[in-house]
Protein chains: 2
Amino acid sequence: MRMLLIEDNDSLAQSIQVYFHNEGHPLDWVNSVEKARSSVSLESFDLLILDINLPGASGFQLLQSLRANGNRIPVLVLTARTEIDDRVSALDFGADDYLAKPFDFRELAARCRALYRRERGKASNDILCGNLVYDLATHSATVNGRLLELRQRERQLLELFLKNLDRVLTKDDISNRLYDFNEAYTPNAIEQTLTRLRKQLANSSLIIKTIRGLGYLAHVDD
Amino acid sequence: MRMLLIEDNDSLAQSIQVYFHNEGHPLDWVNSVEKARSSVSLESFDLLILDINLPGASGFQLLQSLRANGNRIPVLVLTARTEIDDRVSALDFGADDYLAKPFDFRELAARCRALYRRERGKASNDILCGNLVYDLATHSATVNGRLLELRQRERQLLELFLKNLDRVLTKDDISNRLYDFNEAYTPNAIEQTLTRLRKQLANSSLIIKTIRGLGYLAHVDD
DNA sequence: TATACCATGTCAGGAAGATGTCAGCTTTAT
DNA sequence: ATAAAGCTGACATCTTCCTGACATGGTATA
């Protein structure tokens, strides 16, 4: 288990490092969002422990941009305040768990283990559709072994269809899943995304059929 | 199916209300545990949808006290995220199911139906007519497992007949259901749609009989 | 900071499909 | 046999959907 701690309080960070080291799980440590960005892009970690109250760019921003780029690495957020706002924001921005300071190191370690296990548990979770393979863990799709270069929206849409094979999805179903309540969009946004997804699926055995006036239906073509 | 939603996020609650209304299952909505208590004691619901993270008395308390008083009403709990603690607690406190936010409305509806069915001892949400199966959730019909390619109008008409098996429907009944008041049409439009629907039902056991001068009657042929 | 780039939404025009109308034919009741 | 009611093929019209082009806003790069 490879972990990165993003924390600007040096003494706290060092204490955590020592504790985890003694537990047999050494972790890397950076003290700013900028350094975190480059570490994450250069190396591959299994888990991030992210202090939300950082100087400069906030931890939220890091979290948000990671998720926006499709990075699904488990993130445990540390927050000084026990404010519900912070907690909700953290989870909404894509954190997997959070812990309010002050906390017990044992609890931190336990939660890290839980997150790691959770991620591991669904490691080999592939959806197979003829020549199309979708890996739910990495959220990547291959057709005949060739990796598709899906954008965020296309991936969300594909995943939605794969989880609902042979079932009709209305545009409402789709927009409820792809957009949150007060996000503005026209029905055309979905059509456009679908066009783009269909192009990517050109040589795959996954067919997304249009059911006029009702919605769409994905099925495997043999 | 009479449902009560206990949710303090107004926009979410309203969206859910609209969605369920469109699904043909209007639900009542209160935004606090206190109001929920009085609603539940005054009226009889088939199902509660309970957000666990409420201001004031927690949803857990409501759930716990309901069960303590012997109330067995099915309860579906909404949690902010897949907090394992929340989930375990919810089920321990007597919830019948739980759903983590953000969720797909379709999934919420499906789980509600499932809970309701479980309570009723019913098997499914399908209408069965010999070799014809109509799925009310997806509004799709299959004959011998083969999906029918119904158009909007044909689907409306079929659904109407299925809900009125062995009952005579006059053209007026039908037009009142298929068209709104100021829509222009001739009686022939219905005949035309019926012709098209009958073609689709060619190999099914659903027969739509003409009662000359009166209307139509759908029944299962064995 | 300025620039280029990329993802994604909007717009508009066109294609494909659904549905109503008409007209002529078939069926049914008397 | 006749008239009324219903059925259905052909067509016109109107919707819905698709898709190329463009706009926008956010992100990375220099």
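Computation of the quantities below employed the complete heavy-atom set of this structure, encompassing side-chain atoms and omitting hydrogens, waters and symmetry-equivalent molecules. So you know, we letter chains A, B, ... as the sequences are listed, proteins then strands, and number each from 1.
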Colleague: May I ask you to evaluate whether B:Thr210 reaches the phosphate of D:dA5, defined as a side-chain N or O under 4.0 Å from OP1 or OP2?
Modeller: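 Answer is no, no contact under 4.0 Å.
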Colleague: C:dT8 base to A:Asn188 side chain: any donor-acceptor pair below 3.5 Å?
Modeller: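 Checked by distance alone, the answer is no.
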Colleague: When rounded to the nearest 0.5 angstrom, what is the spacing between CG in A:Leu63 and CG in A:Leu48?
Modeller: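 It comes to 9.0 Å.
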Colleague: Flag this pair as yes if the NZ/CZ of B:Arg153 is under 6.0 angstrom from the six-membered ring centre of B:Tyr179 and inside a 45 degree cone about the axis; otherwise no.
Modeller: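 Pair B:Arg153/B:Tyr179 counts as cation-pi.
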Colleague: Looking at five pairs on each end of the helix from C:dT1-D:dA30 to C:dT30-D:dA1, what is the angle between the two axes, given to 10 degrees?
Modeller: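 Between the axes fitted at each end of the helix from C:dT1-D:dA30 to C:dT30-D:dA1 lies an angle of 30°.
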Colleague: Look for any protein N or O under 3.5 Å of an N or O in nucleotides 2-4 of chain C and output each such pair with its distance, or none.
Modeller:
none

Colleague: Report yes or no: do A:Tyr216 and A:Asp173 form a side-chain donor-acceptor pair below 3.5 Å?
Modeller: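 No, no side-chain donor-acceptor pair sits under 3.5 Å.
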Colleague: The side chain of B:Ala189 is closest to which nucleotide in this list: D:dC18, C:dG20, C:dG9?
Modeller: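 Comparing D:dC18, C:dG20, C:dG9 against the side chain of B:Ala189, the answer is C:dG20.
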Colleague: When you measure from the side-chain N and O atoms of B:Lys199 to the phosphate of D:dG9, is any distance below 4.0 Å, counting only OP1 and OP2?
Modeller: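 Yes, B:Lys199 has a side-chain N/O under 4.0 Å of OP1/OP2 on D:dG9.
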Colleague: Check if the side chain of A:Gln192 and the base of D:dG20 share a donor-acceptor pair of N or O atoms closer than 3.5 Å.
Modeller: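 For A:Gln192, whose side chain was compared with the base of D:dG20, there is a donor-acceptor pair (under 3.5 Å).
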Colleague: Tell me whether the side-chain N/O atoms of B:Lys171 come closer than 4.0 Å to OP1 or OP2 in D:dG6.
Modeller: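 Checking D:dG6 against B:Lys171, a side-chain N or O does come within under 4.0 Å of OP1 or OP2.
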Colleague: Establish, from distance only, whether the side-chain atoms of B:Ser140 and B:Asp135 form a donor-acceptor pair under 3.5 Å.
Modeller: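 Their side chains do not contain a donor-acceptor pair, so the 3.5 Å distance test is not met.
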Colleague: State whether B:Thr193 places a side-chain N or O below 4.0 Å from either non-bridging phosphate oxygen (OP1 or OP2) of C:dG20.
Modeller: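 It does, given that an N or O in the side chain of B:Thr193 lies less than 4.0 Å from OP1 or OP2 of C:dG20.
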Colleague: At what distance, to the nearest 0.5 angstrom, does CG of B:Asp28 lie from CD of B:Gln17?
Modeller: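 Going from CG on B:Asp28 over to CD on B:Gln17, the span is 7.5 Å.
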Colleague: Counting only side-chain heavy atoms from C-beta out, which of C:dT19, D:dT8, D:dG9 sits nearest to B:Thr195?
Modeller: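 Closest nucleotide among those given: D:dT8.
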Colleague: Quick check on contacts: within residues 212-219 of chain A, what sits under 4.0 Å from DNA chain D by heavy-atom distance?
Modeller: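 When residues 212-219 of chain A is checked for heavy atoms under 4.0 Å from DNA chain D, the hits, listed by number, are A:Arg212, A:Gly213, A:Tyr216.
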